[in-house]
2 protein chains.
Amino acid sequence: MTMPTTHAFDTAISLSDNDNGHFAGHTTPEYANMVGPFGGVTAAAVVRAISRHPDRIGEPVALTVNYLAPVNDGTFDIAVRAARTNRTNQHWTAEVSQDHGPTTTATAVFGVRRDAWSDTELTMPDAPAPETLSHTTAPEMVPWMRNYDMHYVRGGLPAESEESASSTTTLWVRQRPSRVLDFPALTAISDVFYPRVFLRRGRMLPAGTISLTTYFHVDGAELAEQGTDYVLASAHAQRFARGYFDQTAQIWGRNGTLLATSHQIVYYKD
Amino acid sequence: MTMPTTHAFDTAISLSDNDNGHFAGHTTPEYANMVGPFGGVTAAAVVRAISRHPDRIGEPVALTVNYLAPVNDGTFDIAVRAARTNRTNQHWTAEVSQDHGPTTTATAVFGVRRDAWSDTELTMPDAPAPETLSHTTAPEMVPWMRNYDMHYVRGGLPAESEESASSTTTLWVRQRPSRVLDFPALTAISDVFYPRVFLRRGRMLPAGTISLTTYFHVDGAELAEQGTDYVLASAHAQRFARGYFDQTAQIWGRNGTLLATSHQIVYYKD
């Protein structure tokens, strides 16, 4: 007899509701990064905390997560607060903290979508089907990457000393084992790219996301239509400037739906 | 004898330090928008409040401002707090409030830049010199626009019923009267674009920024090198999705320096 098991992602973002907007979570070794947990899973936990708040209306429209300090292994508290509820949207603030103080601050906008003229102006990057591309095995020191099937179209993990003139990475990605795409999962995928400076410089160097902003372009029903399929994720940097670079990214459904656009600023030392 | 006068922008972001991280400001008619003040000037006031805090180190690296409700004419309070101070960067939260409650929340990262490999990957849009382009007279109902000299390269204010296939606007812009570019001014300019949906639909309709994120790529000295010259500002939308669209923008110095990249999500009704 096969017992249904909980997906490691659901375990990683599992929260106890401690009332008054406080949710308790626990880091898991599966989503560890080189220092602290994968930033994407922390962002996903914030989305989950807000989604579970009894006062929440609508679905995620925008999220900004600031990474103040690494989250230590162990328990953490997420405090969320509805700063304002309007007719069709709601503004949230959130703070993740541990015994040593705040580790993460965030703001979010949740909203209700309705019929309106709509259009996708961006063009989906050309990419052969994921099944025709080789799977990348995640490096040993980055445990969280093993939770994703990644098939790089271009801009894969750089070989040592191979500089690139472009910082663009495009890959097909889905959770491993497969899991239906929802807002926490899409949030985490918006941070799935290794630092752009590695690609440009052809080597790993100290780098870490300081602030991540994701805009969601679909509602839960459109997201669920993606099922467990791959999404096409593409990212590039615009400027590397004396210790900080920016990254701008798009996440596309295989059916051509632009699910999310995302931006981040990253600290680097070189 | 000519008396030196205070620039309207400096008046608009003038703050009294009320201690304990509270700063008091006052809206000014010069920076009024159709409802409440220009979002860019509110963002600029937040940057100014953090900059004036005695604990502040470094200069702006990232800023996210969420617009919860219009700021009413009159006084407002900006409460700023250093959530965490690291070796080379500092994380801030801010909240603008009035008697009726919070109107704006924000997070910011300030940091110290240092020597590191740097590169601008983005290409500056082609544009003829601002002096060769006609000046756009701001519409009567948008007072704040009169504080800027705007010379549209492409994507100017649309003529009635003229739809456009592209949401891209590129313009030369500087403060009027001229004023040396600093971080509050650059912050405000990152919100200088009229809503992209007007351009696509060829008409004005209800629209307003919900969340604005700006990444700064220069330090104060590099910024001051721009003097009072025009900057080239370019913005486009990626997706319009059932009531919310995103906008991504770049602000270039005339000398080819990418000063800032900026993103926002905008509510619209159509």
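Lettering of chains follows the sequences in order, A, B, ..., and the numbering in each one begins at 1.
No side-chain donor-acceptor contact under 3.5 Å links A:Arg114 to the backbone of B:Gly243. A donor-acceptor pair under 3.5 Å links the side-chain atoms of A:Asn86 to the main chain of B:Leu68, judged by distance alone.
Of the charged side-chain nitrogens involved, at least one lies within less than 4.0 Å of a carboxylate oxygen, so that A:Glu121 and B:Arg200 count as a salt-bridged pair.
Atom OG1 of B:Thr107 is separated from atom CD of A:Glu95 by 11.5 Å, given to the nearest 0.5 angstrom.
In this structure, the portion of B:Val197 lying under 4.5 Å from any heavy atom of chain A is its side chain and not its backbone. There is no contact between B:Thr123 and chain A, counting heavy-atom distances below 4.5 Å. When heavy atoms are compared at a cutoff of 4.5 Å, A:Thr88 approaches chain B by way of both its backbone and its side chain. Contact annotation for A:Thr213: both backbone and side-chain heavy atoms come within less than 4.5 Å of a heavy atom of chain B. The part of A:Tyr67 that comes within reach of chain B is its backbone (N, CA, C, O), which places non-hydrogen atoms under 4.5 angstrom from that chain. Residue B:Ser166 touches chain A through both its backbone and its side chain, counting heavy-atom pairs closer than 4.5 Å. Proximity to chain A (any heavy atom under 4.5 Å) is shown, for B:Ser167, by both the backbone and the side chain.
Using bins of under 30°, 30° to 60° and over 60° for the plane-to-plane angle, the ring pair B:His263/A:His263 lands in the parallel bin. The aromatic rings of A:Tyr268 and B:Trp117 stand perpendicular to each other, their planes meeting at an angle above 60°, with 30° marking the opposite boundary.
In terms of heavy-atom proximity, A:Arg113 sits nearest to B:Ala241 at NH1-O, 2.9 Å. Scanning all heavy atoms of the two residues, the minimum distance from A:Pro102 to B:Arg84 falls at O-NH1, 3.3 Å. The shortest heavy-atom contact between B:Ile265 and A:Ala62 is CG2-CB, 3.8 Å. A pairwise comparison of heavy atoms in A:Ala83 and B:Thr105 identifies CB-CG2, 4.3 Å as the closest pair.
In this structure the side chain of B:Asn89 reaches within 4.5 angstrom of the side chain of A:Tyr244, judged on heavy atoms. Looking at A:Tyr215 and B:Ile210, their side chains never come closer than 4.5 Å, going by heavy atoms from C-beta outward.
No other option in A:His236, A:Gln250, A:Gln264 has as many heavy-atom pairs under 4.5 Å with chain B as A:Gln264.
Chain B is approached within less than 4.5 Å, heavy atom to heavy atom, by A:Thr257, A:Leu258, A:Thr261 from residues 251-262 of chain A, ordered by number.
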